Amino acid sequence: MRKSLIVISGPSGAGKTTVIKKLLQDRELKDKILFSVSHTTRKKREGEKEGEDYFFVSEKEFREMIQKGEFLEWAEVHGNLYGTHKNNVEKAEEENKILLLDIDVQGAEKIRQKMREKAVFVFIRPSSVDELKKRLISRGDTPEKEIEKRIKDAQKEIEEENKFDFVVINDKLEHAFEKLKEIVKKVISENQK
Ligand code: ADP
Ligand code: 5GP
C-alpha cells in the first residue's frame, strides 16, 4: 500500500516544528511534500503566521467545525483544541504530495484507527525530559505555568512511543533532520513506484 501521510508526534519542545520547517525548505523534498496546517484555539505566538503555522480560531468556531464534521481528527492538547481539517488531505491528494502532520499522540491514534494503511508514524523526542524543559524555556514564548503542563504531559506522551513506526531522537538537530529526511524520501520513492 502506498503511503501518503507522515504523522509526526512528540512532546512539546522536542523540535517537531524546527525539523518540519527544515524539511519544507529542503531542495530535494520541498516540491513533493505539503504541511498540514491545523486549526487551533491556542493564542498565536509571536512570529506565528495565520494560515502558515495554524489557522487561529475561537473555541466557538472550532466547536462549529466539529459539529459540521470538518475535521479528520481533533483533540484537546495541553488545554487547547487542535484539529486537522479534511481539506488538508484532499489538497495533498490533488497536488500529488505527501502530507506532513504535526499532531499529538491522541491525533496519531485517531489516524491509526481511520487510515493506518496510508500513514507512516514518527515519534520525535530528545533523550531527556530535562532537555525538553530547557528548550521550552529557551524558546521564550510559553508561559511558565504552561511549560509545567507540557512537561507533565510529556511523560505520558513518551509512553506511547512504541506505537510509532520510527522513533527519532533529536539531540543533534542535523542528525534528526537527516534521519527524518531519509524516512520522507523512502515514502516518496515508494509512492512513485
Ligand atoms: P516542538 O515543535 O516539538 O514543540 P520546536 O521545534 O518549537 O519544538 O523546538 C523547541 C525549541 O528547541 C526551539 O527553540 C528550537 O529552536 C529548539 N531546538 C530544536 N531542536 C533542537 C536541538 N536538536 N538542539 C537544541 N535545541 C533545539
Ligand atoms: P503547539 O501549541 O506547541 O503548537 O502544539 C501543541 C501540540 O499540539 C503538539 O503536540 C502538536 O503536535 C499538537 N497539534 C498541533 N496540531 C494538531 C492537530 O491538528 N491535531 C492534534 N491532535 N494535535 C495537534
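Below, all heavy atoms of this structure are taken into account, side chains as well, without hydrogens, waters or symmetry copies. Since the model is a prediction, treat every value here as computed from it, not as a measurement. Whatever order the structure lists ligands and atoms in, that order sets their numbers, starting from 1.
- When atom types are taken as modelled, the side chain of T142 and the backbone of I147 share no donor-acceptor pair closer than 3.5 angstrom.
- The nearest protein atom to atom 11 (C) of ligand 2, hydrogens excluded, is given as D102 OD1, 3.4 Å; this is a heavy-atom distance.
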Next item on the list: Show your working on side chain to side chain donor-acceptor pair (under 3.5 Å) between S189 and Q192 and close with a plain yes or no.
Entry: CA-CA 5 Å; S189 76; Q192 285 169 342; over 6 Å; no
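- Side-chain polar atoms of T41 and E59 form no donor-acceptor pair below 3.5 angstrom.
- Atoms CD1 and CD1, on I124 and I169 in that order, are 10.0 Å from each other to the nearest 0.5 Å.
- Checked by distance only, ligand 1 and E131 stay at 3.5 Å or farther apart across all their nitrogen or oxygen atoms.
- Linking Ile, Leu, Val, Met, Phe, Trp and Tyr residues whenever their side-chain heavy atoms come within less than 4.5 Å leaves V167 and I20 in two separate clusters.
- Contacts between E48 and ligand 2 below 4.0 angstrom, taking non-hydrogen atoms only, are absent altogether.
- Residue contact check: P11 has heavy atoms under 4.0 Å from atoms 3 (O) of ligand 1.
- The residue from R45, K172, R135, K134 that puts a heavy atom closest to atom 26 (N) of ligand 1 is R135.
- Under the 4.0 angstrom criterion for non-hydrogen atoms, G10 is not in contact with ligand 1.
- Contact analysis leaves Q106 out of contact with ligand 2, as no non-hydrogen atom separation drops below 4.0 angstrom.
- Salt-bridge annotation for E178 and K185: absent, with no side-chain N of the basic residue lying under 4.0 Å from a carboxylate O of the acidic one.
- Listed by number with element, the atoms of ligand 1 under 4.0 angstrom from any heavy atom of D171 are 22 (C), 23 (N), 24 (N).
- If you number the atoms of ligand 2 from 1 as listed, the ones under 4.0 Å from a heavy atom of R42 come out as 1 (P), 2 (O), 4 (O).
- Between H39 and ligand 2, no pair of N/O atoms sits closer than 3.5 Å.
- Both the sub-6.0 Å distance and the 45° axial angle are not jointly satisfied by R116 relative to the ring of F121.
- When each atom of ligand 2 is checked for a heavy atom of G107 under 4.0 Å away, the hits are 22 (N).
- For Y82 and F62, the ring centers sit 6.0 Å or farther from each other.
- For atom 15 (C) of ligand 1, the choice among I8, I124, T18, L132 with the nearest heavy atom turns out to be T18.
- The closest approach between F71 and ligand 2 stays at or above 4.0 Å for every heavy atom of the residue.
- Closest to atom 6 (C) of ligand 2, if we only count protein heavy atoms, is Y82 OH, 3.5 Å.
- Considering backbone and side-chain N/O atoms, E73 comes within less than 3.5 Å of an N/O atom of ligand 2.
- In this structure, E190 contributes its side chain and K3 its backbone to no donor-acceptor pair below 3.5 Å.
- The N/O atoms of Y54, backbone and side chain alike, include one that comes under 3.5 Å of an N/O atom in ligand 2.
- Under a 4.0 Å criterion applied to the non-hydrogen atoms of A75, ligand 2 contributes the atoms 22 (N).
- From the protein, the heavy atom lying nearest to atom 7 (C) of ligand 2 is V77 CG1, 3.8 Å.
- By the 3.5 Å distance cut-off applied to N or O atoms, R139 is counted among the residues near ligand 1.
- When H85, K16, K43 are checked for heavy-atom proximity to atom 9 (C) of ligand 2, K16 turns out nearest.
- Residue K110 does not touch ligand 2, judged by heavy-atom distances below 4.0 Å.
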